[in-house]
**Student:** 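Sending over a structure as structure tokens; questions will come in a sec.
Numbered from 1 within each chain, the chains take letters A, B, ... in sequence-line order.
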2 protein chains.
Amino acid sequence: MSVIKVALLGFGTVGEGVYRTIQSHQKELKAVLGKNVEVVAVLIKNKEKKRDINSGVLITTDFEDIIELPHLDVVIEAITEKEPSFTYLKRALIKGYHIVTANKEMFSSHGRELIELAAKQKVSVGFEATVAGGVPIIQTLQQLLKVNNVYEIQGILNGTSNFILTEMREKKQSFFEALKLAQQNGYAEANPSNDINGFDAYFKLMVLSEIAFGEQPEQKYVKINGITDITSEQIEMAEKLGLHFKHIASIERKEDRLYASVIPTLVSKSHPFYHVEGVENAVHVKTDLVGGITLQGPGAGMFPTASAMIEDLVQVFQRHSTLGNSLKNKSIIKKEAKDQDISYWIVSNLRNHFSLSVITYYDQLSENVFLIKAKKSQLLQLCEQNDALISYPILGNYELKSEHEKEALQLLID
Amino acid sequence: MSVIKVALLGFGTVGEGVYRTIQSHQKELKAVLGKNVEVVAVLIKNKEKKRDINSGVLITTDFEDIIELPHLDVVIEAITEKEPSFTYLKRALIKGYHIVTANKEMFSSHGRELIELAAKQKVSVGFEATVAGGVPIIQTLQQLLKVNNVYEIQGILNGTSNFILTEMREKKQSFFEALKLAQQNGYAEANPSNDINGFDAYFKLMVLSEIAFGEQPEQKYVKINGITDITSEQIEMAEKLGLHFKHIASIERKEDRLYASVIPTLVSKSHPFYHVEGVENAVHVKTDLVGGITLQGPGAGMFPTASAMIEDLVQVFQRHSTLGNSLKNKSIIKKEAKDQDISYWIVSNLRNHFSLSVITYYDQLSENVFLIKAKKSQLLQLCEQNDALISYPILGNYELKSEHEKEALQLLID
């Protein structure tokens, strides 16, 4: 079998992302798996909608058309709600197909059952995309759990609510203004209830709970409060005190019980979540051996989530074949270089002033000190032409604001 | 074979951490691997030193005693310098033993050769502990690489230099005062050269380069500058501009070439590294699909590093056996509950003032608003006795400083 046959359930943002990524990363996947990966069927809801899918692919609104195909290798599911997803995935497992899902609500209720059924069928379940989108938290947690005992997991698990809280604070907006902006930017659904009331984060937390603790907490030890009651005034007050409001999901084992919450929380500078802004997600895991690990990254979005699902796809087939090589072979895949980031640098000891001609923007701060804005390759050229050049790059967003700051920068390097 | 036999090379901080963790986590390892894990031999340098090792274990200064044992399963190496480590590990592989290493300098030079030899011998190499201690960056990178193309990796990969820069900034110390403090706290060796000149971070960066790009950069595209020339004045100036000095290791593919550097860099608030302080390490990976992922955690230390090595040990044996279960079974291992963190909360709508008796410390901010300092279980009791209680926890370090702040906090919740 030289082709891995994929059935895709759902062609929304995530489903489309999976399809497009498989198309655009054929070479990468072949290099890793030794086989081509082909989407052979797609389950959709609305026949009228135009979709950019190859003509050879079976497109259908009827799951029976898909499950009755002569052969599949893996079913990738990217629809919402528990049913009919759970039933579809059970039937895929019974047929001996691997499954990969992004469906947190379904998986928080039925994940354990699917995994047990998969084990009986000697196939695998991938569910990395159910929590924190592109951030590989599931498999980091599984890695740590090989020897660590987990005490607590905290997370910013919903990008919509985090975006709203960031906007309210940075732009001094009201909750409703920020929500509207989120919807306009595609960061919130038309019905954003589960995002702002905490339930979306709660389903994800329950998936993490099953992995870390083997169970979920009893209802009476669960507290879920949304962010709708937080006012701009409260946020402003908090900021004056050096605190940021975040919607934190948290699960903790204490003396044989599990306690879980998804509640507005005030975070101080010393906590890694203080600077997690916009639609970013973050997870902080506390264990007995490593202490604390934090992961941060995109919690949703077409390609981050597709990435998680396809990583699962690869893992499922690698697990079922011989040892994969640990190191990449010298890359034969030449990708179009992404545009170089333009950055700021402070440089001094620039002897060859003509060399500045390669630099698009520079500001002379003193006889010997320049602030330059350039691509890294341009800085390299500058270094090659100026042996004694000292330079400090500036990482992150930076804008030079005033003459006063120019003076300060100059002192930095003298 | 119901026992996994481990030979341990080195009994310094890391070696001792591995030994002690295997002893203390016997149940956890048995639950995951289905077998006991036993350290049967330890290679040491100094016979005179007292060590707390079980009497049945072979303790020797001669590697021949170890490699000539009738049977081993895995050799775990925690010594420094390229030789004799490389030779020991090659010989272990030739005997058909798995190997696990923390030796970044050796692995950055010889890692590829060891992995190729291991593949021939059908055994595995674990090297998670070579980079960023307890932070599982290697395997997160390998996960992302299943489908992503990596453009760039940035890291704070040396805790010693990061600790020094933090101390210089927060405590306004000179470089040498901060270095001395680092040595006193055990965060720097007697000879800290490789930490402060950037070479330790560079070896780690080269390991990441092999994984992400399949090769290392040419010497002429490598720039390594230490932190010894950074002055307190420069750090203070930078802070006034909202910038923090960090010692950043960076590797990037640009138009078919690799560029690497380990240099002092100015980091702004928008970059995830801005708040990575003290001995913490962090890695930021930029890829085509997920965009950017950041991992943060302890870069060194007895138990974080031991954790990484034992996770490798488990992975090596799981890889060579049947499918592991993805979910933890309801935990039968009862661990002594870690002391509850005491936290601050702002609460209001407290009707039952007697319920405050469970709280160790509280400050009444107004008729209806209290700042309380309590364990989570105490807050829960408060909630149980006050139906309408509103509370916001405060995450991270927080100290109430003044009357003025009390007023602000009160406004937060009204």
**Student:** Let me know if Leu295(B) has heavy atoms under 4.5 Å from chain A in its side chain, its backbone, both or neither.
**Tutor:** both

**Student:** Considering all heavy atoms of both residues, which atom of Ala306(B) and which atom of Val18(B) are nearest to each other, and what is their separation?
**Tutor:** CB-N, 3.5 Å

**Student:** Which value, rounded to the nearest 0.5 Å, describes the distance between Ile211(A) atom CD1 and Ile115(A) atom CD1?
**Tutor:** 7.5 Å

**Student:** Can you check salt bridge (charged side-chain N to carboxylate O under 4.0 Å, His left out) on Glu210(B) and Arg112(B), steps first, answer last?
**Tutor:** CA-CA 8 Å; Glu210(B) 288 281 1; Arg112(B) 190 164 278 281; 2.8 Å; yes

**Student:** Can you tell me how far the OH atom of Tyr151(B) sits from the NZ atom of Lys286(B), to the nearest 0.5 Å?
**Tutor:** 11.5 Å

**Student:** Shorter than 4.5 Å, heavy atoms on both sides: which option in Leu29(B), Val276(B), Val314(B) has the most such pairs with chain A?
**Tutor:** Val314(B)

**Student:** Using a cut-off of under 4.5 Å on heavy-atom pairs, state which of Thr265(B), Ile230(B), Ile263(B) scores highest against chain A.
**Tutor:** Thr265(B)

**Student:** So what's closer than 4.5 Å to chain A heavy atoms on Lys223(B): side chain, backbone, both or neither?
**Tutor:** side chain

**Student:** Any chance you could measure Ser307(A), atom OG, to Asp288(B), atom CG, to the nearest 0.5 Å?
**Tutor:** 8.0 Å

**Student:** Check side chain to side chain donor-acceptor pair (under 3.5 Å) between Gln315(A) and all other residues, then give those that pass, not counting sequence neighbours.
**Tutor:** Lys146(B)

**Student:** Who are the ring-ring contact (aromatic ring centres under 6.0 Å, His included) partners of Phe273(A), not counting sequence neighbours?
**Tutor:** His271(A)

**Student:** Could you tell me which portion of Thr21(B) (side chain, backbone, both or neither) has an atom closer than 4.5 angstrom to a non-hydrogen atom of chain A?
**Tutor:** side chain

**Student:** Give, for atom OG1 of Thr140(A) and atom CD1 of Ile293(B), the distance between the pair rounded to the nearest 0.5 Å.
**Tutor:** 9.0 Å

**Student:** With a 4.5 angstrom heavy-atom cut-off, is it the side chain or the backbone of Val147(B) that approaches chain A, or both, or neither?
**Tutor:** both

**Student:** For Ser250(A), is it the side chain, the backbone, both, or neither that has a heavy atom closer than 4.5 Å to a heavy atom of chain B?
**Tutor:** side chain

**Student:** Which one of Glu384(B), Gln296(B), His284(B) has the most heavy-atom pairs closer than 4.5 Å to chain A?
**Tutor:** Gln296(B)

**Student:** Heavy-atom distances under 4.5 Å only: say whether Leu33(B) touches chain A with side chain, backbone, both or neither.
**Tutor:** neither

**Student:** Using a cut-off of under 4.5 Å on heavy-atom pairs, state which of Glu277(A), Glu128(A), Gln154(A) scores highest against chain B.
**Tutor:** Gln154(A)

**Student:** Most heavy-atom pairs under 4.5 angstrom with chain B, which of Pro264(A), Gly297(A), Ser261(A)?
**Tutor:** Pro264(A)

**Student:** Considering only heavy atoms, which portion of Val32(A) lies under 4.5 Å from any heavy atom of chain B: side chain, backbone, both, or neither?
**Tutor:** side chain

